[in-house]
Protein chains: 4
Amino acid sequence: MSQPQFKGVIPPVVIPLDENRQIDLVAFGRTINRMIDAGVDGLFFLGSSGEVAFLTDAQRYHVLQEAVAMVDGRVPVLAGIIDMETLRVIDQAKRAEAFGVDGLVATAPFYALGGPRENERHFRVIRENTDLPLFAYDLPVCVHTKLDPSMLVKLGTEGVLQGVKDSSGDDVSFRWLCLQNEDAGHPLQLFTGHEVVVDGAYMSGADGSVPGLANLDPHSYVEQWRAYQAGDWERVRQIQDHLARLMFIVRNVAATVGFGAGVGAFKTALWQLGVFNTNQMREPVDALEGDDVASIVKILKDCGLMEPDAPLRS
Amino acid sequence: MSQPQFKGVIPPVVIPLDENRQIDLVAFGRTINRMIDAGVDGLFFLGSSGEVAFLTDAQRYHVLQEAVAMVDGRVPVLAGIIDMETLRVIDQAKRAEAFGVDGLVATAPFYALGGPRENERHFRVIRENTDLPLFAYDLPVCVHTKLDPSMLVKLGTEGVLQGVKDSSGDDVSFRWLCLQNEDAGHPLQLFTGHEVVVDGAYMSGADGSVPGLANLDPHSYVEQWRAYQAGDWERVRQIQDHLARLMFIVRNVAATVGFGAGVGAFKTALWQLGVFNTNQMREPVDALEGDDVASIVKILKDCGLMEPDAPLRS
Amino acid sequence: MSQPQFKGVIPPVVIPLDENRQIDLVAFGRTINRMIDAGVDGLFFLGSSGEVAFLTDAQRYHVLQEAVAMVDGRVPVLAGIIDMETLRVIDQAKRAEAFGVDGLVATAPFYALGGPRENERHFRVIRENTDLPLFAYDLPVCVHTKLDPSMLVKLGTEGVLQGVKDSSGDDVSFRWLCLQNEDAGHPLQLFTGHEVVVDGAYMSGADGSVPGLANLDPHSYVEQWRAYQAGDWERVRQIQDHLARLMFIVRNVAATVGFGAGVGAFKTALWQLGVFNTNQMREPVDALEGDDVASIVKILKDCGLMEPDAPLRS
Amino acid sequence: MSQPQFKGVIPPVVIPLDENRQIDLVAFGRTINRMIDAGVDGLFFLGSSGEVAFLTDAQRYHVLQEAVAMVDGRVPVLAGIIDMETLRVIDQAKRAEAFGVDGLVATAPFYALGGPRENERHFRVIRENTDLPLFAYDLPVCVHTKLDPSMLVKLGTEGVLQGVKDSSGDDVSFRWLCLQNEDAGHPLQLFTGHEVVVDGAYMSGADGSVPGLANLDPHSYVEQWRAYQAGDWERVRQIQDHLARLMFIVRNVAATVGFGAGVGAFKTALWQLGVFNTNQMREPVDALEGDDVASIVKILKDCGLMEPDAPLRS
């Protein structure tokens, strides 16, 4: 692969843990291979659902080392370099780069907010400190800043950014980003992170998706991407309806809210599907239990991912 | 029309004012007829872009009286009954009903917020006080409450609600609303208010749209709806790209923010298009001027709504 | 009273309802007289805790008519003229004025937000339409705009505003407002609406307070004001600690959140104290029941407002 | 010092940089000594205004090493251990501990939000991994979670927390925290981070303050603390008015918003006062220039911190 291609389905990889809440390398290989075999176009490690916020630096780079080895060049590897402000992000970038990843993904600064001036400067300074393709991760729910489409396209045109992962929840802004990017000659590769409405993002002209839910059902996202490439919109839509129903697993969690409910439901589903060996979470989050597990299994069965009479794993 | 049909394109009507900032009835008739002639499926008066918040009750009912007379049964008429809490909304409902409208549109309570319990009770109490079809208007940007899809479908199933106008900006939630509504036998008619991404809402299964931008370009929204009905998704998407570009008029307003920029740009465009006679706004909002007007005209020309050499009206 | 004085303790009056959820005029007179007898310096009707959002216009003006008659000139009467945008507020102002109130209280525009330009213009236009003293009500929790201290002082200096009721929760901004007002020659009378930290507001130089909790314990707020006037800060602080503990009644409500919990707790306490005959609320809010009532009574006893062995009213 | 005392004025130390945007150790010693000589009761390094978010780990621990050496036991040293989630915070705690600091300061988790369950667990797990006194830093503007007073007092009673630095901007909640802490036997030392309203926090019963502005004017904060200890409330208040006016330096910055305006103004003032040699900021933030510098100098002169005819440094 002389020049990595960034398009299509690039799932953010959810990390399996063992009973001691350490990375379970057997399950990690299993979930990676399962997604590559299903035909995904890349894998994204150390994203939000890859529990990047919950890992020490040592744990982060353990994940990355194993990931690059396991993927072994079969698909491009993206790495999140998530940290508070510019100098810390560059620190992460340099280390990630050393592990042989194919591209980097950085959010806007967080914790100490600035304005548009600092956000733009942030990406420029990262760019000056790495040669890898750099993606902006638009994630206001975590970083409390929405990236401006005009700024993103400018940074694309100037070679600062390779693309954008949009998890902003703002589909109006994403449409404008796609149009402005088109007008500028398509410098940016644009991905949506909203697994429930990927069809809408494809209507807007997205170059692909980064769906956490693809950890559970990679085949459907790959098939949807191919249907989109073939112009079969009815199929795109039909698959999306299936995937939107599958996402119901995150909606009814009773034990907690936020990350513990969202990624907690993903891990619980992967465990019940036999891909993971546990649904353990990192501190300070507890694994889901009891009715929350049962409710997730019911949805997996309703959506055809588990046999109707499959027993509950415990 | 024995039973009004609610589907397709139902623009929220923007109100033209004369130089004294009073309703301009000639222009009002002109814009209504222009939209009906273009084939819209209904008209919505006293919505947010119909400046409902800016009108005294006397002005509100003047608008409604003239609107019902001008529409004259050609399409169904929806009326916003926007007020702070339940008893005030019922007061508005009763008066609107007397003017012969075909359906009512109410938001969640605002100003004094409660919780889900009060939101659900609110719609039930309105229902007990009117016989007209009742639509929930999901508009967190104005009322600071997001309506829950499960609650909406329950209220639909029980006959409390006829449908929903979704201007929540939450396309994930809208997808779930559509799926849950389908599972319940489609009790609700579901409309999107996001003019920039109507194609995504149609992918999700929307029954129509309530696009403010249709005041400017009703033909495109009608054509898009018909393409959707015919399954011509490429045409749906193509038209959406045109409309998303047209919406650039609201993005670069320099003079102010919020309503004065958004509806201010709509009025300015309608004035330059010759549909309105001025771009006047109600107190405390000023009409756009100078560069803001020029920038809007440029976009109208770029999008083909004005001839390239058409002069600026002033 | 040739020229009403606005200073000291001006409680926002909570409205008692009977079993049919209509105003209970006997209890209304009782609570008004109880506060005046305790020495309050004014009364504020149709504020947020005066359920202004929940009343139809007819109900609002019924409240005002009875209030002015019952107060009968003993203290100045302020009236909330709370509505969405400028023209609707002016409508309310003209009607309130006709009932003989001594001052008006208006928030920033809400529902359709603008920017600083519209907020300033809003108060100017109201001023042009009434001769009564006009207070700005800074209440971002309801109207989602924070008023700027510099703008407020400018409007005070120019005679647009008589004063400010600050319920913004922003004590830093309030300090700056007090200092800037002082530098400008004290054109504004500045009141805090935060009953739990009135001592801090007095430290900042407030001219008085508008504490909802004074409906329950007017004597303490009056005594605190007089201690402040006498420079007895230890007494100011000691009384504040008592009042802050009394406010615990609103913190543990389990049945709901927001207005129903806050004003619901006030009404429940007033009912248990024998000032109100019920704790009924307006639609769509339910009255508190069961454990919520018991928990409020426990706090009233802990704070010495009820005898330890007083029975629960039901 | 067998057991460090945490009370009184503990400024969060602002870091001076040289022209190359590296730490200026001469100025660092000067500002530390200036504050200790003024009588402060402790120093807090690596807080938000200590640019913790902007430093790589290597830079953080360089700051800490120099700080501990320079302070040399004259006052207790607190260190911020600010990172996204629990395991990363523990990583920081262990390293900070090795440098000989006297106490640690941790926020709630950020980036990936959870609920109350995770917030409480977070502090417990940190506690299990360090023996140093642990302070909770309540800072919703950066971490988007408000810590609950009841939880904090519970954690104090159980020995998990030593105290709280409250920069929540919620003075009502702070009053309740003080009262609940008192009822529990005062297990927590409670500090306010709001330099503009320290007098209100002292009224509420705070054990001290952590005022960024004390970098500029440590004498006034120390004198205010001593006046509070002596019960001289009029002097407390008078000094607070002076300090609130001094804080005007952050209000009128035109070049940017947020951290670059706030800490940017502090650094600019310290530079003009001759304590710092530059007003340089870390990437991606620019130093203030031109009119912003002039406006800060004017306020320093108005407040008596600079001679009226002192020249502008450049």
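Within every chain, numbering begins at 1; the chains are lettered A, B, ... in the order of the sequence lines, protein sequences first and strands thereafter.
The choice from A:Gly114, A:Pro109, A:Cys142, A:Pro116 that makes the most heavy-atom pairs within less than 4.5 Å of chain D is A:Cys142. Top candidate by heavy-atom pairs under 4.5 Å with chain D, chosen from A:Gly258, A:Gly260, A:Ala112, is A:Ala112. Comparing D:Val141, D:Val125, D:Val89, D:Thr86 by heavy-atom pairs within less than 4.5 Å of chain A, the highest count is held by D:Thr86. Of the listed residues (D:Val52, D:Leu113, D:Thr107), the one with the most heavy-atom contacts under 4.5 Å to chain A is D:Leu113.
With a 4.5 angstrom heavy-atom cutoff, A:Val257 touches chain D via backbone and side-chain atoms both. For A:Gln92, the part sitting under 4.5 Å from any heavy atom of chain D is the side chain, from C-beta outward, and nothing else. Heavy atoms closer than 4.5 Å to chain A are found nowhere in D:Glu51, neither backbone nor side chain. Proximity to chain A (any heavy atom under 4.5 Å) is shown, for D:Ala255, by both the backbone and the side chain. Contact of D:Asp83 with chain A is made through backbone and side chain together, with heavy-atom distances under 4.5 Å. Both the backbone and the side chain of D:Val285 come within less than 4.5 Å of a heavy atom in chain A.
In summary, the side chains of D:Ser48 and A:Tyr111 do present a donor paired with an acceptor at a separation below 3.5 Å, with no hydrogens or angles considered.
When all heavy atoms are compared, the tightest approach of A:Pro284 to D:Glu85 is CD-OE1, 3.7 Å. When all heavy atoms are compared, the tightest approach of A:Arg282 to D:Leu87 is CD-CD1, 4.3 Å. Between A:Gly115 and D:Thr256, the shortest heavy-atom distance links the atoms N-OG1, 4.3 Å.
You'll find the side chain of A:Met84 reaches within 4.5 Å of the side chain of D:Phe110, heavy atoms only.
In the displayed structure, D:Glu158 atom CD is contacted under 6.0 Å by more than 12 heavy atoms of other residues, nucleotides or ligands.
Within residues 53-63 of chain A, the residues having any heavy atom closer than 4.5 Å to a heavy atom of chain D are A:Ala53, A:Phe54, A:Leu55, A:Thr56, A:Asp57, A:Gln59, A:Arg60, listed by residue number.
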